[in-house]
Amino acid sequence: MKRQEIKEILQSETVGDTVKVNGWVRTKRESKNVNFINLNDGTVLDNLQIVADVNIFGNDILRKVNTGAALSVIGELVESQGQQNVELIAKEIEVIGEADPDKYPLQPKRHSLEFLREIAHLRYRTNTFSAIARVRHSMIFAVHKFFTEKGFFNIHTPIITSSDAEGAGEMFQVSTLDMGNPPRKEDGSIDYSEDFFGKKTSLTVSGQLEGELAALALSKIYTFGPTFRAENSNTSRHLAEFWMIEPEMAFYDLNDNMDLAEEFLKYLINYALENCQTDLKFLSQRQQQEEKNKPQDQRTMELIEKLNFVAENEFVRLTYTDAINILQNSKPAKKGKFKYPVEGFGTDLQSEHERYLVEKHFKKPVILIDYPANIKAFYMKVNEDNKTVAAMDVLFPQIGEIIGGSQREERYDILVEKMKAMNIPLEDMNWYLDTRRYGSAPHSGFGLGFERLITFVTGMTNIRDVIPFPRAPKNCEF
RNA sequence: UCCCCAGUAGCUCAGUUGGUUAGAGCGGCGGACUGUUAAUCCGUAGGUCGUAGGUUCAAGUCCUACCUGGGGAGCCA
């Protein structure tokens, strides 16, 4: 007999059918005559209640039906006398895999996220993490759907790279050399010509530069792949291994870039609202449980309300210079409430400043543009004022920068000049500069941190909870 | 990397100004009862108090270092 998934059974609710389900036991409640087993197969948040008659199934079987055990059940779907619509009256129960109740770490009770993080290999078996996994999948699919509908091509940029000029952070080195006794040159430095690739290599911190190569041939491309940063960042917003989406478009200026970024984010959020209702509703309830312990002024908007709010409202667009003005004239600045005073033009904004703009002043997502050139990367296009660059950061409530992007500098001479000033080795970047030598064209792009998006959409507060196996400093389990 | 907080039973926590034998709830196990909803009731087992030093007659409690986790900052996505 063919197994049916619980999602499909609960959707159709075809009472009277005999069906076979496989899944894992969440809880079991024992009565004199019947046992109630909540079975979950991960296809949907909800469990199917299995009713097992004690007189049919002996203690030999029922004692093995413990939280975490895998079961296969054949039974008749009937209307339930309890709070759910339907339930399965079991005719056959097979315990496929037992779970020793003395040792199985997941209990039929609420666990802390910190504890579940330590048993990340089992945390999918909870409502919260299975819901996150399903939402994450939906978002992956929506990313590809959005770009496909818009005529973008997906490009796989390299994961191992010999370019150490991506300029986005510290890199993890990739080597097969004997670390205890590496080959050395005469001056004592390590001789990478003996290494696997014959040169020093690392894990990528961004596919952008390679993406630009493709965009200047295919017009519109996007990458969606893993990126690695060896920064010693210990926060709830950073991972050492994360997934990034980087579209790159030829003949797009900064305004086109902003339009795309805003449309993209709204598309993803709307997709989640339409396709992940059950999971989002659960995640919302979970979040509100957590919020109960927080002081009133630190509570956030209800999850679905918040997502609708972002999807429906236009993002505010303003220049870095205007933002500085707003901040300097703000109440907290005048009352000295900012921990870091708002310095004038030329300094980067602190998290508290970004949060003030987004959460207090505008109460909407904000796109900041035209940053001072000296605090941004070498490839960003210099504006006419010669002081600022055509950069854009999309700031979201709570998580801060969700997107960072720019119009790229397409003028060869100016780019080379900037690279020299920023000590980027020109000889290693010839392949990149070729795009500016031959048929250079205005182009733009941005990077979206996928896990930051998932954090926002699921209402989770720690980024380590929205990726299956988080990698962070001093933490690489599994 | 910096600042703050925490680490006690499988989980979540309490443990007084340092003072006999370290507690509770949940979970597990045993039983009672029951078409139950994280069922309910009774009973029971379960602890090198993060690690290493130190102070003291005496340390879960005080001090130091380290480790791990959390919150915030920086770096960024």
Side-chain angles (χ1 to χ4, degrees), chain A residues 26-38 46-54 63 66-68 78-84 87 89 99-119 126-127 166-170 205-208 226-246 261 289 293-294 298 338-340 348-355 375-377 393-396 399-405 446-456 461-465 467 472-475 477:
Chain A
R26 284 291 175 77
T27 59
K28 180 178 71 169
R29 290 174 296 278
E30 296 179 69
S31 284
K32 187 168 189 181
N33 296 314
V34 287
N35 282 7
F36 299 99
I37 303 159
N38 277 359
D46 303 296
N47 304 318
L48 179 64
Q49 172 160 289
I50 312 288
V51 184
D53 192 321
V54 175
R63 75 185 312 157
N66 295 309
T67 302
V78 300
E79 248 177 71
S80 176
Q81 301 167 38
Q83 55 189 235
Q84 53 279 312
E87 62 189 16
I89 305 294
D100 184 344
D102 218 27
K103 293 176 180 149
Y104 187 64
L106 292 172
Q107 304 160 2
K109 60 172 276 197
R110 215 177 155 77
H111 290 292
S112 70
L113 295 171
E114 289 81 13
F115 171 67
L116 292 172
R117 224 169 276 153
E118 287 170 20
I119 51 162
T126 64
N127 285 338
E166 287 168 350
E170 290 295 310
V205 293
S206 162
Q208 180 201 313
T227 45
F228 308 87
R229 306 265 169 101
E231 305 282 350
N232 192 11
S233 298
N234 293 290
T235 79
S236 53
R237 301 185 306 281
H238 291 85
L239 291 164
E241 176 183 302
F242 65 100
W243 290 70
M244 191 151 65
I245 297 139
E246 294 179 289
Q289 279 285 332
N293 303 320
K294 288 188 190 167
Q298 280 179 31
F338 284 134
K339 202 174 164 198
Y340 298 90
D348 215 345
L349 297 178
Q350 304 290 321
S351 290
E352 58 175 346
H353 304 147
E354 294 180 351
R355 290 191 67 157
I375 58 171
K376 288 290 181 184
D393 284 359
V394 181
L395 308 178
F396 263 30
I399 53 177
E401 188 180 339
I402 192 169
I403 278 181
F446 60 81
L448 169 71
F450 187 60
E451 283 74 20
R452 290 206 179 156
L453 171 81
I454 305 301
T455 301
F456 185 76
T461 50
N462 194 315
I463 200 163
R464 297 176 193 194
D465 293 329
I467 188 166
K474 301 274 150 51
N475 192 335
E477 291 299 310

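Just so it is clear: chains get the letters A, B, ... in the order the sequence lines come, proteins before strands, and each one is counted from 1. This one's a predicted model, so the numbers in the text were calculated from it and none came from an experiment.
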- Query: Distance between the P atoms of U61(B) and G19(B), in whole angstroms?
  - Reply: 10 Å
- If you check the Asn475(A) side chain, which of G69(B), A77(B), U68(B) turns out closest? G69(B)
- Message: Between Asp393(A) and Lys376(A), is the side-chain contact (heavy atoms from CB on, under 4.5 Å) condition met? List the steps.
- Response: CA-CA 11 Å; Asp393(A) 284 359; Lys376(A) 288 290 181 184; 3.1 Å; yes
- Message: Please give the distance between the C1' atoms of A24(B) and A14(B) as a whole number of Å.
- Response: 7 Å
- Reckon Pro101(A) touches a base, only the sugar-phosphate, or nothing at all at heavy-atom distances under 4.0 Å? sugar-phosphate
- Message: Looking at every heavy atom in both Leu106(A) and Thr67(A), which two are closest together, and how far apart are they?
- Response: O-CG2, 3.8 Å
- Of the candidates G70(B), A77(B), A38(B), the side chain of Glu114(A) sits closest to G70(B)
- Closest to the Ser112(A) side chain: C76(B), G72(B), C11(B)? C11(B)
- Task: Check every strand shown and say whether Arg110(A) touches a base, only sugar-phosphate, or nothing at a heavy-atom separation below 4.0 Å.
- Result: base
- Closest approach of Arg229(A) to Val205(A) (non-hydrogen atoms, all atoms of both residues): NH2-O, 2.7 Å
- Item | Under 3.5 Å donor-acceptor pair, Lys109(A) side-chain atoms to C11(B) base atoms | yes
- Listed nucleotide nearest any side-chain atom of Arg63(A), set C75(B), U36(B), G30(B): G30(B)
- Query: Looking at Arg29(A), does any N or O in its side chain come under 4.0 Å of the phosphate oxygens OP1/OP2 on A39(B)?
  - Reply: yes
- Task: Look at the side chain of Asn234(A) and the base of U1(B), then say whether one donor and one acceptor between them are separated by less than 3.5 Å.
- Result: yes
- Query: Of the nucleotides U12(B), A77(B), A73(B), which one has an atom closest to the side chain of Phe115(A)?
  - Reply: U12(B)
- Query: Which heavy atom of Glu401(A) sits nearest a heavy atom of Glu354(A), and at what distance?
  - Reply: N-OE1, 4.4 Å
- Please work out if Gln83(A) contacts a base, only the sugar-phosphate, or nothing of the nucleic acid, heavy-atom cut-off 4.0 Å. base
- Task: Might you work through the side-chain contact (heavy atoms from CB on, under 4.5 Å) test for Ile467(A) and Phe450(A), ending with a clear yes or no?
- Result: CA-CA 10 Å; Ile467(A) 188 166; Phe450(A) 187 60; over 6 Å; no
- If pairing requires Watson-Crick or G-U wobble contacts with both distances under 3.5 Å, which nucleotide is the partner of U68(B)? A6(B)
- Query: Considering Watson-Crick and G-U wobble pairs with both distances under 3.5 Å, what does G30(B) pair with?
  - Reply: C42(B)
- Message: Should the side chain of His238(A) and the base of C76(B) be counted as holding a donor-acceptor pair, with the cut-off at 3.5 Å?
- Response: yes
- Just call it for Asn462(A): base, sugar-phosphate, or nothing, with non-hydrogen atoms closer than 4.0 Å on any strand. sugar-phosphate
- Query: Using purine N1 to pyrimidine N3 plus N6-O4 or O6-N4 for Watson-Crick, or N1-O2 and O6-N3 for G-U wobble, both under 3.5 Å, which nucleotide pairs with C75(B)?
  - Reply: none
- Query: Across all strands shown, which nucleotide pairs with G53(B) by Watson-Crick or G-U wobble geometry, both distances under 3.5 Å?
  - Reply: C63(B)
- Message: Applying a 4.0 Å non-hydrogen cut-off, can you work out what Gln84(A) is touching in the nucleic acid: base, sugar-phosphate, or nothing?
- Response: base
- Which sits closer to the 5' end of RNA chain B, Asn38(A) or Asn66(A), going by the nucleotide each is nearest to? Asn66(A)
- Item | Which atom of Leu239(A) lies closest to which atom of Arg464(A), heavy atoms considered | CD2-CG, 4.0 Å
- Note on the structure: With Thr227(A) as partner, the option from Met244(A), Gln208(A), Glu241(A) fulfilling side-chain contact (heavy atoms from CB on, under 4.5 Å) is Met244(A)
- Query: What is the nucleic acid contact for Ile403(A), judged by heavy atoms within less than 4.0 Å: base, sugar-phosphate only, or nothing?
  - Reply: sugar-phosphate
- Item | CA sep, side-chain torsions, deciding dist, call: Gln84(A), Asn47(A), side-chain contact (heavy atoms from CB on, under 4.5 Å) | CA-CA 10 Å; Gln84(A) 53 279 312; Asn47(A) 304 318; over 6 Å; no
- Query: Looking across every strand, which nucleic acid part, if any, lies under 4.0 Å from Ser233(A) by heavy atom: base, sugar-phosphate, or nothing?
  - Reply: base
- Message: I want to verify a distance call: between G35(B), A77(B), U36(B), whose nearest atom is closest to the Glu87(A) side chain?
- Response: G35(B)
- Task: Pick the P atom in U12(B) and in G71(B), then give their distance to the nearest Å.
- Result: 15 Å
- Note on the structure: When rounded to whole Å, the NZ to C1' distance for the pair Lys339(A) and C2(B) reads 9 Å
- Picking from U68(B), G71(B), G70(B), which would you name as closest to the side chain of Arg464(A)? G70(B)
- Whole-Å distance separating the CD atom of Glu354(A) from the C1' atom of G74(B): 12 Å
- C5(B) and C42(B): how far apart are their P atoms, nearest whole angstrom? 41 Å
- Query: Within the structure shown, what part of the strands sits under 4.0 Å from Tyr340(A) by heavy-atom distance: base, sugar-phosphate, or nothing?
  - Reply: sugar-phosphate
- With heavy atoms under 4.0 Å as the rule, sort Gly447(A) into base, sugar-phosphate or nothing. sugar-phosphate
- Task: Look at the side chain of Met244(A) and decide which nucleotide, out of A77(B), A73(B), U12(B), has an atom nearest to it.
- Result: A77(B)
- Between Glu30(A) and Phe36(A), does a side-chain contact (heavy atoms from CB on, under 4.5 Å) hold up when you go through it step by step? CA-CA 6 Å; Glu30(A) 296 179 69; Phe36(A) 299 99; over 6 Å; no
- Message: By the 4.0 Å heavy-atom rule, please label Lys474(A) as base, sugar-phosphate, or nothing.
- Response: sugar-phosphate
- Query: Which value, in whole Å, describes the distance between the C1' atoms of nucleotides C63(B) and G23(B)?
  - Reply: 27 Å
- G74(B) P sits how many Å from Glu401(A) CD, rounded? 12 Å
- Of the nucleotides C29(B), G35(B), A77(B), which one has an atom closest to the side chain of Gln81(A)? G35(B)
- Separation of the P atoms in C11(B) and G50(B), to the nearest angstrom: 13 Å
- Message: Side chain of Arg237(A), heavy atoms from C-beta onward: which of G10(B), C75(B), G35(B) has the nearest atom to it?
- Response: C75(B)
- For atom NZ of Lys28(A) and atom P of A39(B), their distance in whole Å: 12 Å
- Which is true for Leu453(A) with a 4.0 Å heavy-atom rule: it touches a base, it touches only sugar-phosphate, or it touches nothing? nothing
- Using a cut-off of 4.0 Å on non-hydrogen atoms, how would the nucleic acid contact of Gln49(A) be classed: base, sugar-phosphate, or nothing? base
- Non-hydrogen atoms of Gly68(A) and Ala99(A) that approach each other most closely: C-CB, 3.6 Å
- Task: Determine the interatomic distance between P on A73(B) and the same-named atom on C66(B); round to the nearest Å.
- Result: 24 Å
- Between U17(B) and C13(B) - C1' atom distance, rounded Å: 23 Å
- Message: Determine whether the aromatic ring of Phe450(A) stacks with the base of A77(B), defined as ring centroids separated by less than 5.5 Å and ring planes inclined by less than 30°.
- Response: no
- For Ser351(A), answer base if it contacts any base atom (sugar-phosphate contacts may also be present), sugar-phosphate if it contacts only those atoms, and nothing otherwise; contact means non-hydrogen atoms under 4.0 Å. sugar-phosphate
- Message: For a quick check of understanding: with a heavy-atom distance under 4.0 Å over all strands, which category does Ser236(A) fall into, base, sugar-phosphate or nothing?
- Response: sugar-phosphate
- Nucleotide A45(B), atom C1' - distance to CG of Asp102(A) in whole Å: 10 Å
